[in-house]
Number of protein chains: 2
Amino acid sequence: MINDIQPLSDRKEEILLAARKRFSEKGYASASMRDLAKDLDIKAASLYSNFESKDDILWEIARRCARDFFVGIEPIFSDTSLSPETKLTHMLEAHIEVVLANQDASTIFFDEWKHLKEPRNEQYGNLQKQYAKRFQEVIRQGTEKGVFRAVEGRFVTTSLLSAINWIARWYRPTGRLTIEQIKEELLNLLMNGLRGERSKNN
Amino acid sequence: MINDIQPLSDRKEEILLAARKRFSEKGYASASMRDLAKDLDIKAASLYSNFESKDDILWEIARRCARDFFVGIEPIFSDTSLSPETKLTHMLEAHIEVVLANQDASTIFFDEWKHLKEPRNEQYGNLQKQYAKRFQEVIRQGTEKGVFRAVEGRFVTTSLLSAINWIARWYRPTGRLTIEQIKEELLNLLMNGLRGERSKNN
DNA sequence: GTCTATAGGAAGATAGAC
DNA sequence: GTCTATCTTCCTATAGAC
């Protein structure tokens, strides 16, 4: 599914790029094929020489997004020489980097994929779970080793990633925070969250 | 805007309830007036005896959601007897409770409001900023007092709320975690994140 | 691979009877 | 306040010429 992604013709890739932007900005349902065609200075009908349907376009975009995220963490996740703490830090860092470098794609990966029709929708949902599981596994190892608090793994994994994912909605490269600052603030927040004492908070 | 919300007729409130569910589940753009009418066992045209437009329905829903969130934190935020730490804990707790008790509404508050037409869209965006500022202010006080690390206030506020907001997407009351567990896990994670040491994470 | 033309349907919304 | 009927516009998608 992300292993059988074929390189497409230049034209097709151009269309995917424009569609990614449109779908991300207006939302898949609100972005029409006519909108998309206009961005590319062609007529809507011409899009159908390149892709069979709107769903096919979303699918190709979604697959590529997923691949980017997996490629980001895979070498770190597979590196058996790293401690859970270091590994998780680097994986989160990689995740942040992919989000920041591919904001439009991230919006598809987090939100717009829900518009995929079955059976693609279900397939994609499973892929997302797989991705989160990678983080959950490292957190589990860290807890076992005693460097992280005892946490509800699946829940906390989701929470960590959620805090990061929201960035895709508001980050603008022209803003006051640099990528490095964002990475530092987030990693401090999240890693301290895992390390701290269990307290009653009352 | 949230202070001039009028109680509507029973029928109108029924429509808002059904619409909140529909908009939340399928997304505003993908949920048609005909869909909504079918849920209520009436014809689409009848909806227009109650509301002037689809945008008006979204607006009434969105305003009510915003009010619920503000009502949740306002008494805590205004309580001058609380330390920043206690105040933030209780405000986050209130936020979590509102999210869990009003999942459909939360989805509107976090996502679907973007489909509001101008000038409502801008107005609503400002309201959201106001809400986040309440949290940011308390974090600033905590940092000043030395109980929280020095953090980039606006950014960290967004991150904390983001971690919580994602819950609205997946939480099901029938799941394995109780509301109390969710609150405890999240508060531990977030409050520890603010308290911990600044570290290099490398 | 792009065009014009158009099919076929679904969208938001309105008119007017009851 | 709900209905039937309908307007207008927009949608995804196809047919066939160039």
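Residue numbering restarts at 1 for every chain, and letters A, B, ... go by the order of the sequence lines.
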Atom OH of B/Tyr48 and atom P of D/dC7 are separated, to the nearest Å, by 17 Å
How do A/Ala45 and B/Ser30 order along DNA chain C: which one's closest nucleotide is nearer the 5' end?
A/Ala45
Lys/Arg N to Asp/Glu carboxylate O, B/Glu60 vs B/Lys12, below 4.0 Å:
no
Nearest-Å distance, CE (B/Met33) to C1' (D/dC11)?
18 Å
Check: B/Glu13 side chain, B/Pro7 main-chain N or O, donor-acceptor pair, under 3.5 Å:
no
5'-most by nearest nucleotide on DNA chain D - B/Leu47 or A/Ala44
B/Leu47
For B/Lys26 and C/dA11, what is the distance between atoms NZ and P respectively, to the nearest whole Å?
8 Å
A/Trp59 has an atom CH2; how far is it from atom C1' of D/dT12, in whole Å?
21 Å
Contact class for B/Arg34 vs. all strands (heavy atom < 4.0 Å): base, sugar-phosphate, or nothing?
base
Could you give the CG-to-P distance, from A/Asp56 to D/dT14, as a whole number of Å?
10 Å
Starting the side chain at C-beta, find the nucleotide from C/dG1, C/dG12, C/dC3 nearest to A/Lys43.
C/dC3
Starting at CD1 of B/Ile42 and ending at C1' of C/dA13, how long is that distance when rounded to a whole Å?
15 Å
Roughly how far, to the nearest 0.5 Å, is the OG1 atom of A/Thr89 from the CD atom of A/Glu85?
6.0 Å
For A/Trp59 and A/Met1, the nearest pair of non-hydrogen atoms, with its separation, is CH2-CE, 3.7 Å
A/Asn50 has its side chain closest, among C/dG1, C/dG12, D/dC3, to C/dG1
Would you classify A/Ser46 as touching base, sugar-phosphate or nothing, given that sugar-phosphate means primed atoms plus P, OP1 and OP2, and contacts are heavy atoms under 4.0 Å?
base
Please give, in whole Å, the distance from C/dG1 C1' to A/Phe51 CZ?
13 Å
C/dA13 P sits how many Å from B/Asp35 CG, rounded?
14 Å
For a quick check of understanding: with a heavy-atom distance under 4.0 Å over all strands, which category does A/Ala29 fall into, base, sugar-phosphate or nothing?
nothing
With the side chain defined as heavy atoms from C-beta on, A/Lys54 is closest, among C/dG12, D/dC3, D/dA13, to D/dA13
Below 4.0 angstrom, N of the basic side chain to O of the carboxylate: do A/Glu137 and A/Arg134 qualify?
no
N or O in side chain of B/Ser32 less than 4.0 angstrom from C/dA11 OP1/OP2:
yes
Out of C/dA13, D/dA13, C/dC3, which has the shortest distance to the side chain of A/Ser53?
D/dA13
